[in-house]
2 protein chains.
Amino acid sequence: MTKQRQLIYNIVNSTPDHLKVEEIFSEVKKNNSTMVFATVYNSLNYLVENGYIRRIRIPGLPDHFDRNLQPHDHLLCEECGNLIDVPSQEEKLNFFDANGNYYHKKQVLYYGICYLCQKKL
Amino acid sequence: MTKQRQLIYNIVNSTPDHLKVEEIFSEVKKNNSTMVFATVYNSLNYLVENGYIRRIRIPGLPDHFDRNLQPHDHLLCEECGNLIDVPSQEEKLNFFDANGNYYHKKQVLYYGICYLCQKKL
DNA sequence: TCATTTTTTAGAACCATTCTAAATTTATTT
DNA sequence: AAATAAATTTAGAATGGTTCTAAAAAATGA
């Protein structure tokens with residue numbers, strides 16, 4: 001754990017939100033760090049690969065990073081773009097279908113409108 | 001329907017596979033079309049928006065285009081990168097959860113190893 | 001036919017992310 | 001502690017997929 005990685009970890013771990021690199025980077029700047037963009041990416045990759053945080057990949061959007069390691073799905077609010085945690089049944093699978101294809105992981109993404117945005121509209 | 005759009009449509013509609021822009025573009029060239037990359041993108045967007053074909057977006061991968069308009073999910077083979085059609089329960093939703101968030105669509109992606117790749121390994 | 005709108009072309013621009021090479025830091029061995 | 005090796009950070013260029021812009025061409029309408 002280098003200083004840079006620790007700082008990135010602390011930022012992600014300080015909020016239940018799902019942060020984008022952009023948001024993490026601006027938090028980094030607030031801490032007067034001279035860290036550079038590539039290091040944020042490197043550190044995030046390290047933290048994900050070593051199980052400290054979780055990467056949420058959504059087509060068409062930049063990656064988001066989540067301190068919540070428990071299995072869960074997400075609802076993407078089409079109004080504000082926020083991700084909302086949603087309980088999930090199973091993410092890890094282990095079965096073969098009738099054609100012999102093997103399944104080991106399931107990723108579910110919901111689209112909708114979050115409660116807050118509904119009130120605004 | 002312009003000539004360009006018709007050609008793109010024919011290419012996508014000629015196979016059950018899930019084509020990438022790259023693949024579509026090389027088919028275009030085989031037809032001696034002088035069509036340019038941007039037009040392929042424009043045409044694909046048009047065809048998707050008007051319900052002729054379906055766009056499959058997968059994080060980290062380029063978009064794929066599918067003539068199959070019936071609701072279905074996909075299995076991404078982590079070995080060969082191919083997408084395999086998988087029957088789906090429901091894609092379109094219409095409900096609110098306990099927190100008042102509204103859900104209108106569900107997207108499921110499976111990861112695994114297809115039958116053919118298992119035999120090779 | 002003239003004017004208006006739409007589409008295509010060509011290539012630049014964009015954005016998120018990764019890569020490269022050099023500099024720095026950290027860890028290991030002597 | 002010094003020397004060497006390994007890992008990480010930095011800086012900025014490069015990448016890949018996709019969209020944008022402006023001009024040219026084609027289609028549509030009056």
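Model, not experiment: these values are computed from the prediction. Lettering follows sequence order; numbering is per chain, from 1.
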*Asks:* Just checking, is any N or O donor in the side chain of A:Y102 or A:D97 under 3.5 Å from an acceptor N or O on the other one?
*Replies:* no
*Asks:* Indicate yes or no: at least one non-hydrogen side-chain atom of A:I8 is less than 4.5 angstrom from one of A:T39.
*Replies:*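 A side-chain contact is absent here, since even the closest heavy-atom pair is not under 4.5 Å.
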*Asks:* Grab the CG-P distance between B:D63 and D:dT18 for me, whole Å please.
*Replies:* 4 Å
*Asks:* Just by distance, with hydrogens left out, do B:H74 and B:D85 show a side-chain donor and acceptor under 3.5 Å apart?
*Replies:*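 Judged by distance alone, the side chains do pair up.
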*Asks:* Give a yes or no on whether A:F96 atom CZ has more than 12 heavy-atom contacts from other residues, nucleotides or ligands under 6.0 Å away.
*Replies:*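 Yes.
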*Asks:* Just to be sure I understand the geometry, which residues of residues 38-49 of chain B put a non-hydrogen atom under 4.0 Å away from DNA chain C?
*Replies:* B:A38, B:T39, B:N42
*Asks:* Other residues, nucleotides and ligands only: do more than 12 of their heavy atoms fall within 6.0 Å of OH on A:Y111?
*Replies:* yes
*Asks:* Will you find, in the side chains of B:N45 and B:R55, an N or O donor that is under 3.5 Å from an N or O acceptor?
*Replies:*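 The criterion, which ignores hydrogens and geometry beyond distance, is satisfied for B:R55 and B:N45.
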*Asks:* Hey, is the main chain of A:Q70 close enough, under 3.5 Å, to the side chain of A:N68 for a donor-acceptor pair?
*Replies:* yes
*Asks:* For residues 1-33 of chain B, which residues have at least one heavy atom under 4.0 Å from DNA chain C?
*Replies:* B:T2, B:Q4, B:R5
*Asks:* Any chance CD of A:E78 has more than 12 other-residue heavy atoms, nucleotides or ligands included, within less than 6.0 Å?
*Replies:* yes
*Asks:* Take atom CZ of B:R57 and atom P of C:dA16, then tell me their distance rounded to the nearest Å.
*Replies:*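 My rounded result for the distance is 14 Å.
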*Asks:* Just the rounded figure in Å: distance from P of C:dT6 to CG of B:N50.
*Replies:*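 It is 14 Å, rounded to the nearest whole Å.
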